[in-house]
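Below, all heavy atoms of this structure are taken into account, side chains as well, without hydrogens, waters or symmetry copies. Per chain, numbering begins at 1; letters A, B, ... match sequence-line order.
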Amino acid sequence: MAGKPNGWNRIADVTKRTRGYDHRQVEAHWQKVWEETGLYRSQVAWDRPKHYALTMLPYPSGDLHIGHWYAMTPSDARARYLRMKGYNVLFPMGFDAFGLPAENAAVQNNIHPWKWTYANIERMRGQLRSMGTMIDWEREAVSCTPEYYRWTEWFFSRLHEAGLAYRGEALVNWSPTLQTVLANEQVIDGKDERTGQPVIQRMMEQWFFRITDYVEELLDFSGLDWPEPIKAMQTNWIGRSPGARVRFPVEGAEPIEVFTTRPDTLHGATFMVLSPEHPLVDVLATSDQAEEVRNYRDQAARRSELQRTDLTREKHGVFTGGYALNPVTGGEIPVWIADYVLMSYGTGAIMAVPGEDTRDWEFADRYGLPVVHTVQPPDDFEGKAYEGDGPSINSDFLDGLYIAEAKPAMIDWLQTHGHGEAAVQYRLRDWLISRQRYWGSPIPVIYCQDGTIELVSDEDLPVELPEEVEFKTTGPSPLLTHDPFLKTTDSKGEAAVRETDTMDTFMCSSWYQLRYLSPGCDYAPFDPEEAAYWLPVDTYTGGAEHAVMHLLYTRFFTKALRDMGCFDDAKQVMSSHGRDPNGLFDEPMLMLRNQGQVLGEERRGDQVLVTVRRQDEDWVADSVQVVTTGSHPSFWEDGRLVGELLGRTEKVLTIASPNDDEDPITVRLAEAATVDVPSIEGTNTVNQLRHRIGVQRMSKSRGNVVNPDDLVEKYGADTVRTYLMFAFEWEKGGPWDSRGMRGAERFIADVWNLGRAEYHPDMIDEAATRALRRQAHAAIIKVGDDLESFSWNTAVAELMKLRNAMEQAWSARNVTSAAWQETLQILLLLLAPIAPHVTEEVWNHLGHPTSIHLQPWPEVDEEAAAEELVTMVVQVNGKVRARIEVPVEISSEDALDLALNQRNVARHVEDGEIRRVIDRRPKLLNLVV
RNA sequence: GCCCGGGUGACGGAAUGGUAGACGUGGCGGACUUAAAAUCCGUUGUCCUGAAAGGGCGUGUGGGUUCGAGUCCCACCCCGGGCACCA
């Protein structure tokens, strides 16, 4: 070997480096073995600690995308790690299989939703298997099966009996596009959150769940280890405002009730504003104002919610002609209507305090209504309405009190005089669960001829969806016209009709974590024996986009189930095993973590050479040619333009200006323009030009989607898993980087090579041996901590470091065989949760008879992990001047001596005297001169 | 407007108040090869004309606390997300 470069005697035969590891064969082989041996079956075992790890179940859209991998593989790795740590781990999977896309597919492709959904599930099961997860498939649950939705219906019945499900008329969000109503949570800025299509407000009779009964408990997150932003978003959504209800007497009519968060400003209430839809408007409107009021009302009704809540719109309204009495001043104040007051919040009426409220001030200013300040603004205050704190003025008995004292004082006064009382207002409304669609769980209700409502009896559940229905156009639900489904009889044997609405699919996903425990259970939604052992979910992972939908609903659901006694049997079983059930059924998931989003990769556009000429105001191109960047730097002169193609729509090109700070240049292609793309043979068209794709969400239309199946085929699941765990800060996500994949690929190949390499030491160096062992044992701690705390990227980094150390030891051949073997085993065991296939393969190759995934997490040898030598940093006045290798237990004197003997330290010290020594041995010494 | 996150090399990202940039990608130089790919070795914040030694400057901006600040405090700027005529 002498004379050969150092690299030559690196691991075995270098040409085998990637050729040797056949991920296709290895991964398929072990997936088969694991399945055949039931490696990932999880069974109740009361003598072992349990861990229920869950990731949000996917919608069976047809293909697993990279986001699923990003969400699931780290959870899988963590579940595997906990298993090695001695936990009995449950890691189930299923499908959230009801929902509109299946119906749309039915219309478009003339295929029954059931078939479409099932084909997709089949496909996705295969894709999930290719990940190499430890999913226990015996626990799979699919929400669109009658075995599943039987119990979704059953829960509806329980909720109805408990008074938590009711039918009510309300202004609801109707989507003309989807032909169904939607919950408030599914509407963002007046548009459907999934399709972005506008929704309109409609009065309709619908089914609701009384989630508002649980507001206060839903605001309490104590005992939950959830991300702060999610808690904040839920708190925000619930929108708790403490304040007071105040009644303003009206002559000859019932009083107008308002809600206010500022009862302390009551003396400044100089007028009132009602929502145009307010029932008292007709009573109050005087005959001479009646027409104006009616006109305004009609106008408001025609406006969408979106227009009405447009903040930039000026505030308009009309006077009703009526007056109310300010209960505290006794003064007569005019009552107006305006659409900035919403019927759906509070009482649909407000007391207007222009002195302390900007909105009211704008309104008062516009219509010349009086303003009375009730809070003393600071001297330099120049605004209009003063919303800050200060002593009360013009407020009789409140004068001098600050807001915090004035509020309760006013509430006291209101209560004593019967004009109002303390009240709390919430933004959260009841959960609207009716959907006018076919592909959802039926609502087990029938309407009798006498107008009463009956629940379908439990024995007759499930109410099954009829299969022979036709989907012709996206119109009303086929259930509406399907007589065999529709026509039934009530409990008295009389003819009756079924409810044709189905349930919001969030109902299905509100309890799926329970169904996983015993998906085959046919006498209850879940087996109490299983529930007692596995519940609650210990760690839950998924996207933050479900913050105020799924995550709020499932919390409500769990609390309602608890109060209806659905967990009583499970609690009893739990107690009998000596586990205290107290508090374990209040929340569905104890720990929650959100992954970020994998975005599309940035792609450079082609460098194009364009010949341009001026035509009127525009630039017109006669030829476009793709050139290589190097040979044609960007320039623009003499009718020739070279630059990166930033974008293209039809025949209009956007080309980067050669001067970075100038706007891009827009060029229109002439009809007869020639296009030349040298890399593509034949005649080229504009469609073959590649424009820049920026970092943005992946979508098929943008063409920036990465397909996991292709990646698995090319690199193997282990590499994809490792890359996804390594590449980003998990909770943040980021743009895909196809080159970054190379690092993971090399790492996995290196591990395989290290496992195959036959190590023979040459000159054993005790220090090097100890150093390698130290690093291995330090890694046990580091990787374990990181996996526990969701810091996947640093865990992988630590393992890569260990790989590097082993490669160095290999080429130096200076560590003992025992240390080599020990380190290799540690590397494999620590990597096993992340890359389950390659580690199993090497483990097996090393002659171990049982799976690596049944091994315990390696024990740390504290003595080996302890450092002997450490780099001591010597600072002078806080600046690093030297680094010295010192023994860990160096004495104060020795440390100072060594430090002062450093030439560079001495140089910086000699000008002054050492006033102080900051002694942080053995890591740091700071000399203050 | 209010409430959360977040601003660190070319890029993804590391850093219990104590060596800023771990680990990876990419770049550059070299080895191997007819060549390419793969692989291996070295190098890679920036400035002080090149190298060494040494030093200055560097974690959005400006102040402060501290022997010492990416980290703590104050003010501000920018980016992302949520909420928003919510009374």
Side-chain angles (χ1 to χ4, degrees), chain A residues 4-11 13-19 188-189 227-237 239 241 243 258-262 273 308-313 315 338-342 344-353 357-360 362-363 387 425-427 544-545 547-548 596 602 722-723 726-729 731-732 734-744 746-747 749 791 793-801 803-804 807 811 871-883 903-904 907-908 915-918 920 923-929:
Chain A
K4 286 281 186 184
N6 201 19
W8 190 247
N9 68 2
R10 305 255 319 179
I11 294 162
D13 179 356
V14 291
T15 60
K16 271 189 187 165
R17 204 152 176 134
T18 47
R19 253 186 254 157
I188 296 164
D189 293 336
E228 290 302 324
I230 297 291
K231 293 194 273 187
M233 279 157 80
Q234 292 203 352
T235 305
N236 237 332
W237 186 258
S241 312
V258 303
F259 171 79
T260 177
T261 54
R262 292 291 304 274
V273 186
R308 274 182 71 163
T309 56
D310 181 4
L311 278 167
T312 54
R313 242 180 91 234
K315 292 175 183 29
D339 65 2
Y340 81 92
V341 175
L342 309 175
S344 51
Y345 186 80
T347 62
I350 61 157
M351 63 180 216
V353 187
D357 185 288
T358 306
R359 294 159 302 180
D360 296 342
E362 284 172 18
F363 196 80
E387 292 176 340
Q425 186 65 43
Y426 302 92
R427 214 178 64 95
E545 66 274 16
V548 293
E602 184 165 15
T722 305
Y723 170 69
F726 180 65
F728 319 94
E729 201 183 320
E731 306 206 3
K732 191 171 140 209
W736 182 260
D737 176 8
S738 49
R739 292 172 317 191
M741 197 68 140
R742 308 270 297 108
R746 285 175 188 148
F747 175 58
S791 306
N793 54 350
T794 50
V796 176
E798 183 70 14
L799 290 168
M800 286 176 167
K801 262 164 84 175
R803 176 264 318 253
N804 293 346
E807 296 207 328
S811 52
T871 308
M872 183 175 77
V873 173
V874 184
Q875 298 180 330
V876 178
N877 289 337
K879 282 192 193 294
V880 179
R881 298 301 177 190
R883 300 184 174 112
R903 238 178 48 216
N904 202 28
R907 244 193 23 201
H908 285 92
R915 296 226 314 268
R916 206 176 140 192
V917 178
I918 311 291
R920 293 281 180 277
K923 286 279 207 184
L924 180 130
L925 214 57
N926 186 8
L927 310 178
V928 185
V929 179

J.: In whole angstrom, what separates A:Tyr345's OH from B:C86's C1'?
T.: 4 Å
J.: Tell me, please, which residues at least two apart from A:Phe726 pass ring pair (Phe, Tyr, Trp, His ring centres under 6.0 Å).
T.: none
J.: Is there a donor and acceptor pair closer than 3.5 Å between the side chain of A:Glu228 and the base of B:G5?
T.: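 Checked by distance alone, the answer is no.
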J.: Just list the side-chain donor-acceptor pairs under 3.5 Å for residues 873-880 of chain A, sequence neighbours left out, or say none.
T.:
unit_1, atom_1, unit_2, atom_2, d
A:Asn877, OD1, A:Val929, N, 2.9

J.: Measure the distance from CD1 on A:Ile188 to P on B:G81 and round it to the nearest whole Å.
T.: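 Taking CD1 of A:Ile188 and P of B:G81, I get 12 Å after rounding.
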J.: A:Arg916: what forms a side-chain contact (heavy atoms from CB on, under 4.5 Å) with it, not counting sequence neighbours?
T.: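 side-chain contact (heavy atoms from CB on, under 4.5 Å) check on A:Arg916 returns A:Ile918, A:Val928.
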J.: May I ask you to verify if any side-chain N or O of A:Ser344 is less than 4.0 angstrom from the OP1 or OP2 atom of B:C86?
T.: no
J.: On the nucleotide B:G24, are OP1 or OP2 found under 4.0 Å from the side-chain N or O atoms that A:Arg803 carries?
T.: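 Yes.
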J.: Report yes or no: is there a donor-acceptor pair, N or O only, under 3.5 Å between the side chain of A:Asn236 and the base of B:C83?
T.: no
J.: Please list, for nucleotides 52-59 of chain B, all pairs of protein and nucleotide N/O atoms separated by less than 3.5 Å.
T.:
unit_1, atom_1, unit_2, atom_2, d
B:G54, O3', A:Asn904, OD1, 3.1
B:G54, O3', A:Arg907, NH2, 3.2
B:G54, O2', A:Arg907, NH2, 2.9
B:G55, OP1, A:Arg881, NH1, 3.3
B:G55, OP1, A:Asn904, OD1, 3.0
B:G55, OP1, A:Asn904, ND2, 2.7
B:G55, OP2, A:Asn904, ND2, 3.4
B:G56, OP1, A:Arg881, NH2, 3.3
B:G56, OP2, A:Arg881, NH1, 3.4

J.: Ignoring backbone atoms, test whether A:Arg427 places a side-chain nitrogen or oxygen under 4.0 Å from the OP1 or OP2 oxygen of B:A84.
T.: yes
J.: Can you tell if the side chain of A:Asn236 reaches within under 4.5 Å of the side chain of A:Val548, non-hydrogen atoms only?
T.: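 Contact flag for A:Asn236/A:Val548 side chains = no.
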J.: Strictly below 4.0 Å: does A:Arg742 bring a side-chain N or O up to OP1 or OP2 of B:U25?
T.: no
J.: Walk me through whether A:Arg359 and A:Lys315 qualify under side chain to side chain contact (heavy atoms under 4.5 Å, CB included).
T.: CA-CA 8 Å; A:Arg359 294 159 302 180; A:Lys315 292 175 183 29; 3.6 Å; yes
J.: Can a side chain N or O of A:Lys732 be found less than 4.0 Å away from OP1 or OP2 on B:G13?
T.: yes
J.: Categorize A:Lys801 for me: base, sugar-phosphate, or nothing, with a 4.0 angstrom heavy-atom threshold over every strand shown.
T.: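 It contacts sugar-phosphate atoms only.
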J.: Could you state the CZ-C1' distance from A:Phe728 to B:G24, rounded to the nearest angstrom?
T.: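 Spelled out: CZ on A:Phe728 to C1' on B:G24 is 12 Å.
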J.: Determine: side-chain N/O of A:Arg746 to OP1/OP2 of B:U25, distance under 4.0 Å, yes or no.
T.: yes
J.: Just to verify, what does A:Phe747 make a side-chain contact (heavy atoms from CB on, under 4.5 Å) with, not counting sequence neighbours?
T.: A:Thr722, A:Val751, A:Leu799, A:Met800, A:Arg803, A:Leu831
J.: Could you tell me the separation between the CZ atom of A:Phe747 and the P atom of B:G24, rounded to a whole number of Å?
T.: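 In whole Å, B:G24 P lies 10 Å from A:Phe747 CZ.
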J.: What integer distance in Å separates A:Asn793:CG from B:A15:P?
T.: 8 Å
J.: Mind calculating the distance between CD (A:Glu807) and P (B:G42) to the nearest angstrom?
T.: 11 Å
J.: What's A:Glu798 touching, base or sugar-phosphate or nothing? Going by heavy atoms closer than 4.0 Å.
T.: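 It contacts nothing in the nucleic acid.
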J.: With no angle test and no hydrogens, is the base of B:G18 tied to the side chain of A:Arg920 by a donor-acceptor pair under 3.5 Å?
T.: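 Answer yes: a donor N or O sits under 3.5 Å from an acceptor.
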J.: Give the rounded distance in Å between these two atoms: NZ of A:Lys315 and C1' of B:A87.
T.: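 Value for this atom pair: 12 Å.
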J.: Assuming nearest nucleotide by heavy-atom distance, tell me which of A:Thr261 and A:Arg916 is located more 5' along RNA chain B.
T.: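 It is A:Arg916 whose nearest nucleotide is closer to the 5' end.
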J.: By the 4.0 Å heavy-atom rule, please label A:Arg359 as base, sugar-phosphate, or nothing.
T.: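 Base, at least one base atom sits under 4.0 Å.
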J.: Assign A:Val928 to base, sugar-phosphate, or nothing according to its heavy-atom contacts below 4.0 angstrom with the strands shown.
T.: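 Touches sugar-phosphate only.
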J.: Go through the structure and list residues passing ring pair (Phe, Tyr, Trp, His ring centres under 6.0 Å) with A:Tyr723, not counting sequence neighbours.
T.: A:Trp736
J.: Would you mind telling me which residue lines up with the more 5' stretch of RNA chain B, A:Gln875 or A:Glu729, judged by nearest nucleotide?
T.: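 Whichever sits nearer the 5' end wins; that is A:Glu729.
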